[in-house]
Amino acid sequence: MSDGDADVLVRSELLLLGAFALVVLAAAAVGPIIADARPAFEIPVSDASEDENLDNVSAQGWDAVPAATVSLSSTGSSVPNSGSISVEEAKLGAAQTDERLYLRLSWADPTEDTSTGSLRAFADAVAVQLPNDTDSRPPIAMGGSDNRVNVWYWTGDGRTEELLAGGPGSTTNLGASELTADAGYSDGRWRVAFSRPLDGSGENRVSIPDDSDLDVAVAVWNGSNMERSGQKSASSWHYLALDSDTGEPPYQTILWAIAGIAIVASALITIEGVRRTRGE
Amino acid sequence: MSSQSDDGDTIDLAEGVDHQVAMVMDLNKCIGCQTCTIACKTNWTDSGGREYMYWNNVETKPGAGYPRDWEEMGGGWDEEGQERTPGDLPDQSEYGAPWDFNYEQIMYEGSDEPLRPMDDAADWGPNWDEDEGAGEYPNSYYFYLPRICNHCTHPSCVEACPRSALYKREEDGIVLVDQDRCRGYRYCVEGCPYKKVYYNAMKKTSEKCIFCYPRIEGEGPEGEVRGPACAEDCPPQLRMVGFLDDEDGPIHKLVNEYEVAVRLHPEFRTEPNVYYIPPFAPPQHSERGESLDAERIPRTYLEELFGPKVNEALNTISRERDRVRRGEESELMEILNSDRSEKYRLEVFDR
């Protein structure tokens, strides 16, 4: 075998190894997306534009926003019948523009309860809970006195409220708010779209971060089951993936990159060793 | 908190309350005229989602009351007084609702129909079973029972609210609903065994008797301290108003010394601060109209309403009546027959 043949062999081996390393890196990047291996508790956040009108619950743009399924359970609250709930899961989709965050919730409820106009009438309702201080995670049950939560609340009798809470029973209406809610009921399912400027404009209203994830929890009330207050179907803490473009944890990419480089490097060392033993 | 009285007995007041307003109603004087009801209504509940509410109502006993069968709806505390017992949320129909009469047709449209309720008329309302009572002729019986919020020492409505929207005022123990804190959950409506908290479906909050606190604070007519409107406007003046811990006042004497003023349904264990002088009735009659030596209102029924203490209360009053009949003096009977000037003692404590 001539020197020229050996050079060709080494070059082709290097090409092959390089290609393999690229495949490894690419797999690290797209693999989780293909497999939809979204981390538990993550709510993906889609980029959207203002002209998609996502504050409208039935806007077409919502079709392109992936919704995560969120499990709901009773809260263990001290109010009577707190264990009696009727909704076990909700879907939560999220999108943002440069100015606003949009959240759309939907859940199955066979009864459309929109009245609080008589003594035994309770309206269906939904709430989204966000931490006021985005750096720490408040207690799940309405936050804590030194770790408050900002709650976006819609009820079937037509009210939308932005609330502040620092523990069970402390919910306080923040008054004038730029929060909007649009709701629709069809085919035994409620759909409610919340929208609010990213900027909270005040210490008691969370400002939506653009460089870190944001904790989020949801709760649903079924009026015909006389659900209100702590008698509700509530989720555990999830998070809105606001941190990076793909939303996947960065350590995965780093680990796969290191592995790829190590494979290529060890291959090169092996080839160089082979060449030396051959006395080339 | 409790305060020590001269004879060593303690007067139990709620924790954190300086004084406790109280009312004694003498059921032997109630004529069922509903003047108290209207006085309250025109002051506080004539509109704005309060049309169905009667913070003061007068119902016929025995009878289903207002709301209908409220005594069967639960609420209050368990036997140890520690755990609340769950209560029911009444249906609107159990209170009844105002309805219209056919005035328009008769007065302006030439109708020949008699005056009568329109089709929207309810089939139940406050004191719907007026004067029905119980028993068989010639020994049927009934009496009237005026009711307001009892401003309890151990109020289960306060405990029922997960938001602490209901509270007892520190200065006088009046139970109020903070309208800014209330979010219309209605746990207080369920939790009150007397069903004296009402949901306002227009305001989306619960409301109740406020013991006319602006009047007792001197914010009423002519800037004078006045008793609650239900008491002041009562034609037979059957109510005394003052403080339970005013040891020189008639309420303390009737409740704590003579023990002739008793609580309605003490078994609910909310410790009401409205007390009743239990009713007497003429004795039973024979078929021929002769008076018999038997009480017309069964003691068992009065015990159901007022607990076992009603027996000693009735016995004491009977004994004191006999003293007066014999020409002897009776402080108790003087208190029970006192005039208007002694019925309201609202300025004994610095406020």
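As the structure is a computational prediction, the values presented were derived from the model and not from experiment.
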Of the backbone (N, CA, C, O) and the side chain (C-beta and beyond), which part of [X] lies under 4.5 Å from a heavy atom of chain B, both, or neither?
X        : answer
A:Asp157 : side chain
A:Glu161 : side chain
A:Thr171 : both

Do other residues, nucleotides or ligands put more than 12 heavy atoms under 6.0 Å from [X] [atom1]?
X        : atom1 : result
B:Glu170 : CD    : no
B:Arg84  : CZ    : yes
B:Asp119 : CG    : no
B:Glu51  : CD    : yes
A:Glu99  : CD    : no
B:Glu267 : CD    : yes
A:Asp63  : CG    : yes

- Query: What are the two closest non-hydrogen atoms of B:Asp91 and A:Leu119, and how far apart are they?
  - Reply: C-CD2, 4.4 Å
- Message: Looking at every heavy atom in both A:Pro80 and B:Glu190, which two are closest together, and how far apart are they?
- Response: CG-OE1, 4.4 Å
- Picking from A:Ser78, A:Gly230, A:Ser170, which has the most non-hydrogen pairs under 4.5 angstrom with chain B? A:Ser170
- Query: Out of B:Ala160, B:Pro162, B:Gly191, which one racks up the most heavy-atom pairs below 4.5 Å with chain A?
  - Reply: B:Pro162
Do [X] and [Y] make a side-chain contact, defined as non-hydrogen atoms from C-beta onward lying under 4.5 Å apart?
X        : Y        : value
B:Lys204 : A:Thr155 : no
B:Tyr185 : A:Val79  : no
B:Tyr187 : A:Gln231 : yes

- Is it the case that B:Arg186 places NZ or CZ above or below the six-membered ring of A:Phe122, under 6.0 angstrom from the centre and within 45 degrees of the axis? yes
- Message: Given 3.5 Å as the limit, does a donor-acceptor pair link the side chain of A:Arg120 with the main chain of B:Gln92, or not?
- Response: no
- Message: Using the rule given for side chain to side chain contact (heavy atoms under 4.5 Å, CB included), can you reason through B:Arg183 versus A:Leu163, listing the C-alpha separation, both sets of side-chain angles and the distance that settles it, and then say yes or no?
- Response: CA-CA 12 Å; B:Arg183 284 181 68 81; A:Leu163 307 162; 3.7 Å; yes
- Cut-off 4.5 Å, heavy atoms of chain A, and the answer for B:Tyr198 is neither
